Amino acid sequence: MTDAAALPGRPRGGDLSGPATARAVNVLAPNPSVMTLDGTNTWILSEPDSDLAVVVDPGPLDEGHLRHVVATAERAGKRVALTLLTHGHPDHAAGAARFAELTGTRVRALDPALRLGDEGLAAGDVITTGGLELRIVPTPGHTADSLCFHLPADRAVLTGDTILGRGTTVVAHPDGRLGDYLDSLRRLRSLTVDDGVHTVLPGHGPVLEDAQGAVEYYLAHRAHRLAQVETAVEDGYRTPGQVVAHVYADVDRSLWPAAELSVRAQLDYLEEHGLI
C-alpha cells in the first residue's frame, strides 16, 4: 500500500463525508463512477459560531442527497442561506434548482443560465454570509465557467473539478481549453505561495493537505502529456484517436473517449502556439 503522504497533494485518509476544516463539512453524493471517483463532494461552509451556511455544488438531482445536505446543516444548527456552483456539469449542478426550492436560497454561478436570482459571480467578488468570507477565483480551463472559492480563514481552496483529490482532471474539447487551464493552475499556485493556502477541498476525492504540491504535480503532469502528444504528432500519429492509442496506452480503455477530447484540447494548444 502506498503511503498517502507520498502521493501528490498528500490526500487525507478516512471517510470523505464529514468535517474537513473548521468551516467546511463534506456530504458525499451517491454518484460514484469512473469520472466522478467516489462521488461529488457537496460542501457546507459556515463560521463555527454562525447559524447561516453556504452550500457549494449541491450535486446531482438526487432527492435523497439534497435532503441529506439540508439535514446535515440543520443538525449542526445551521440554515442554508446561499448556494454556489463551481461550474455547470450535471454532477455538480443538476440538483441546484431543486436544492434552491428546498432551502429557499438563491443560486450564484458564473454562467447566467445556472443562476437563480439576479446576482452572479465574477473575479474579485467576495461572499460574506454569516461572517464567512469566500473569495471568488476564476479558473477557466476544465470548463469555461469554472470557478474556485478561496476560504482564507481555513487557508483552503474549493477547487471543483480544477484539481481533484485523486488523479488528474480532463480538459475536454471544445469547452475545455488547455491554455486557460494552465493559467488557472498558475493562479492557484499563487494562492499557495502568496496567500498561504495549504488545503484543497476538491469536487471529487479526498481532501489534499499539500495544495502547493498538488498544483505542482498537475503542472508537471500537463507538461509531460503535452510533450508526449507533440512527439506523437512528430512521429506521424495525426488523428486524436491515433494519439490516444499511442500516448494513453497505460490508461483504462473506458477512459479513452474522454482522453480523446483531452487530446483535441492539447492539439488545439500546440497549434495555437505554433508547435505543430
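All values below were derived from every heavy atom in this structure, side-chain atoms included, with hydrogens, water molecules and symmetry-related copies excluded. All figures in this text were calculated on a predicted structure; none of them were measured in a lab. Numbers here are sequence positions counted from 1.
Between Ser146 and Thr162, the side chains place no donor N or O within less than 3.5 Å of an acceptor N or O (distance only, hydrogens not considered). No hydrogens or angles considered: a donor-acceptor pair under 3.5 Å links the side chains of Asp161 and His92. Neither side chain, Asp57 nor Thr42, offers a donor N or O lying under 3.5 Å from an acceptor on the other. Judged purely by distance below 3.5 Å, without hydrogens or angles, the side chains of His198 and Asp210 never pair a donor atom with an acceptor atom. For the residue pair His87 and Asp111, no side-chain donor N or O sits within less than 3.5 Å of a side-chain acceptor on the partner.
Once rounded to the nearest 0.5 Å, the distance linking OG of Ser17 with CG of Asn26 reads 5.0 Å. Taking OG1 of Thr40 as the reference point, atom CG of Asp91 lies at 4.0 Å (rounded to 0.5 Å). To the nearest 0.5 Å, the span separating CD on Gln266 from CD1 on Ile276 amounts to 10.0 Å. Between the CZ atom in Arg187 and the CG atom in Asp194 there is a gap of 13.0 Å [rounded to 0.5 Å]. How far OH of Tyr217 is from NE2 of His224: 9.5 Å, rounded to the nearest 0.5 Å. The structure places NE2 of His221 at 10.5 Å from CG of Leu185, a figure rounded to the nearest 0.5 Å.
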Could you please spell out the steps behind the salt bridge (charged side-chain N to carboxylate O under 4.0 Å, His left out) verdict for Glu74 and Arg79? CA-CA 6 Å; Glu74 290 178 344; Arg79 175 178 66 83; over 6 Å; no
Check step by step if side chain to side chain contact (heavy atoms under 4.5 Å, CB included) holds for Thr159 and Leu164. CA-CA 8 Å; Thr159 55; Leu164 305 178; over 6 Å; no
Would Gln228 and Thr231 satisfy side chain to side chain contact (heavy atoms under 4.5 Å, CB included), going step by step from the backbone distance to the final call? CA-CA 5 Å; Gln228 287 180 310; Thr231 299; 5.8 Å; no
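Val70 and Leu61 fall within a single hydrophobic cluster, where Ile, Leu, Val, Met, Phe, Trp and Tyr are joined by side-chain heavy atoms under 4.5 Å apart, directly or via other members. Hydrophobic clustering (side-chain heavy atoms under 4.5 Å, transitive across Ile, Leu, Val, Met, Phe, Trp, Tyr) keeps Leu178 apart from Leu261. Grouping the Ile, Leu, Val, Met, Phe, Trp and Tyr side chains by contacts below 4.5 angstrom, directly or via other members, places Val107 apart from Val80.
The shortest side-chain heavy-atom distance between Val137 and Phe149 does not fall under the 4.5 Å cut-off. Side-chain contact between Leu208 and Arg10: absent, with no pair of heavy atoms (C-beta onward) separated by less than 4.5 Å. A 4.5 Å side-chain heavy-atom check between Val157 and Cys148 finds at least one atom pair inside the cut-off. The side-chain heavy atoms of Thr143 and His89, taken from C-beta on, include a pair separated by under 4.5 Å. Side-chain contact between Gln212 and Val215 is absent, with no heavy atoms from C-beta onward closer than 4.5 Å. Looking only at side-chain heavy atoms (C-beta outward), Arg108 and Arg115 stay at 4.5 Å or farther from each other. Residues Leu226 and Leu270 are in side-chain contact: their nearest non-hydrogen atoms beyond the backbone lie under 4.5 Å apart. Side-chain contact check for Thr168 versus Tyr218: some heavy-atom pair is nearer than 4.5 Å.
Closest heavy-atom contact between Arg222 and Ser262: NH1-OG, 3.8 Å. The shortest heavy-atom contact between Ser46 and Lys78 is OG-NZ, 3.2 Å. Closest heavy-atom contact between Ala96 and Leu85: CB-CD2, 4.1 Å. The two residues Val197 and Ala211 come nearest to each other via the heavy atoms O-CB, 3.8 Å. Counting all heavy atoms, side chain and backbone alike, Leu147 lies closest to Pro138 at CD2-CA, 3.8 Å. Closest approach of Pro8 and Pro11 over heavy atoms only: O-CD, 3.7 Å.
For the side chain to side chain contact (heavy atoms under 4.5 Å, CB included) with Leu45, the qualifying choice from Leu52, Leu84, Leu132, Val55 is Leu132, the only one to do so.
Not counting sequence neighbours, Glu230 has no partner by the salt bridge (Lys or Arg N to Asp or Glu O under 4.0 Å) test. Asp180 pairs by the salt bridge (Lys or Arg N to Asp or Glu O under 4.0 Å) definition with Arg177, not counting sequence neighbours.
A salt bridge links Glu63 and Arg98; the closest N-O separation between the charged side-chain nitrogens and carboxylate oxygens is under 4.0 Å.
Around atom CZ of Arg238, more than 12 heavy atoms belonging to other residues, nucleotides or ligands sit under 6.0 Å away.
Stacking of Arg225 on the aromatic ring of Tyr248 is recorded, both the 6.0 Å distance cut-off and the 45° axial limit being met.
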Show me the donor-acceptor pairs within less than 3.5 Å that the side chains of residues 118-125 make with the rest of the protein, sequence neighbours left out.
{"residue": "Glu119", "atom": "OE1", "partner": "Arg106", "partner atom": "NH1", "Å": "2.3"}
{"residue": "Asp125", "atom": "OD2", "partner": "Ala122", "partner atom": "N", "Å": "2.8"}

